[in-house]
Trainee: 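Before anything else, here's the structure in question.
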Amino acid sequence: MSTPRTDRAATGRRAWLRDHSELGVCVLLLALGVLVLTDALTMDVDLTQRGPVGPRTVPLVVGGGLLLIAALLAVDVLRGGRGEAEGGEDVDLSEPADWRTVLLLAGVFLGAAVLIGPLGFPVTGALLFWGAAFTLGSRRPDRDPLIAAVLSLVTYAVFDKLLGVPLPGGPLMGVL
């Protein structure tokens, strides 16, 4: 049997945690930062293939930034800072989730993952962009496929040609 003093202490602890719930985000950011830094520091890097910056630079900066943000947010929360409720979002939380849209989007992404190998990025990307637009409510059959194709080709060109990130071209490999 618990004593009234123990019950008050537990209630006080729960109230303090409820009032400082943003500390959970701090813990998540801290864990993510440690994970990113650990992966970056244990990465096998061949010194002869490394450029002037190296492959560890961005993960080290991102991991350090995550740790810094976690610490600054924790200090702010412990000093009494609280996040403000967003006023611009018009969401009715009493309405049920739109599972049809969620499942259709998941199907579009899964289909893109399956088709990228045989069809290549330009075709699969166009199907992905068009499928996502259709699932989210756009009903312009004259415009949407064209925008999806242009967006997919531009994305392919930027990554494959300009940035040097090889993407599968599929049947269009010789054309692009």
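Since we're looking at a predicted model, the values are computed, not measured. Note that the numbering runs from 1 along the sequence shown for the chain.
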Trainee: How far apart are the closest heavy atoms of Arg56 and Met43, and which atoms are they?
Mentor: NH2-O, 2.6 Å

Trainee: Tell me whether Arg139 at atom CZ has more than 12 heavy atoms from other residues, nucleotides or ligands lying less than 6.0 Å away.
Mentor: yes

Trainee: Quick check: is Val62 connected to Leu73 through a chain of hydrophobic side chains (ILVMFWY, heavy atoms under 4.5 Å apart)?
Mentor: yes

Trainee: Can you hop from Phe121 to Phe159 via hydrophobic side chains spaced under 4.5 Å?
Mentor: yes

Trainee: Please determine whether side chain to side chain contact (heavy atoms under 4.5 Å, CB included) holds for the pair Leu60 and Leu41, giving the CA-CA distance in whole Å, both sets of side-chain angles, and the decisive distance to 0.1 Å.
Mentor: CA-CA 8 Å; Leu60 288 174; Leu41 293 173; 3.7 Å; yes

Trainee: With the side chain counted from C-beta on, respond yes when Leu136 and Leu105 share a heavy-atom pair under 4.5 Å apart, and no when they do not.
Mentor: yes

Trainee: Please check if Tyr156 and Leu163 belong to a single hydrophobic cluster, counting links between Ile, Leu, Val, Met, Phe, Trp and Tyr side chain heavy atoms closer than 4.5 Å.
Mentor: yes

Trainee: For Asp144, enumerate each residue passing the side-chain hydrogen bond (donor to acceptor under 3.5 Å, both in side chains) test, keeping only those at least two apart in sequence or located in another chain.
Mentor: Ser138

Trainee: Does some side-chain heavy atom of Pro59 sit less than 4.5 Å from a side-chain heavy atom of Leu37?
Mentor: no

Trainee: Is the shortest heavy-atom distance from the side chain of Val25 to the side chain of Val77 under 4.5 Å?
Mentor: no

Trainee: Say whether, by atom type as modelled, one donor and one acceptor occur between the side chain of Ser152 and the main chain of Pro122 under 3.5 angstrom.
Mentor: yes

Trainee: Do Val165 and Ile116 share a hydrophobic cluster, counting only Ile, Leu, Val, Met, Phe, Trp and Tyr and linking them when any side-chain heavy atoms are less than 4.5 Å apart?
Mentor: yes

Trainee: Which atoms form the tightest heavy-atom contact between Ala148 and Ala126, and what is the distance?
Mentor: CB-O, 3.3 Å

Trainee: Nearest 0.5 Å, what's the CG-CG distance between Leu110 and Leu103?
Mentor: 11.5 Å

Trainee: Leu23 versus Leu78: any side-chain heavy-atom pair under 4.5 Å?
Mentor: yes

Trainee: Looking only at heavy atoms, what is the nearest atom pair of Leu167 and Asp160, with distance?
Mentor: N-OD1, 3.1 Å

Trainee: For a side chain to side chain contact (heavy atoms under 4.5 Å, CB included) with Leu66, tell me which candidate from Leu32, Leu30, Val61 qualifies.
Mentor: Leu32

Trainee: Do Phe129 and Ile147 make a side-chain contact, defined as non-hydrogen atoms from C-beta onward lying under 4.5 Å apart?
Mentor: no

Trainee: Please report the interatomic distance OG1(Thr135) to CZ(Phe109), rounded to the nearest 0.5 Å.
Mentor: 9.0 Å

Trainee: Given salt bridge (charged side-chain N to carboxylate O under 4.0 Å, His left out), test Asp142 with Arg140 step by step and report yes or no.
Mentor: CA-CA 5 Å; Asp142 57 331; Arg140 296 285 308 264; 3.4 Å; yes

Trainee: Can you tell me how far apart CG (Leu67) and CG (Leu29) are? Round to the nearest 0.5 Å.
Mentor: 9.0 Å

Trainee: Kindly work out whether a path of hydrophobic side-chain contacts (I/L/V/M/F/W/Y, heavy atoms less than 4.5 Å apart) joins Phe134 to Leu151.
Mentor: no

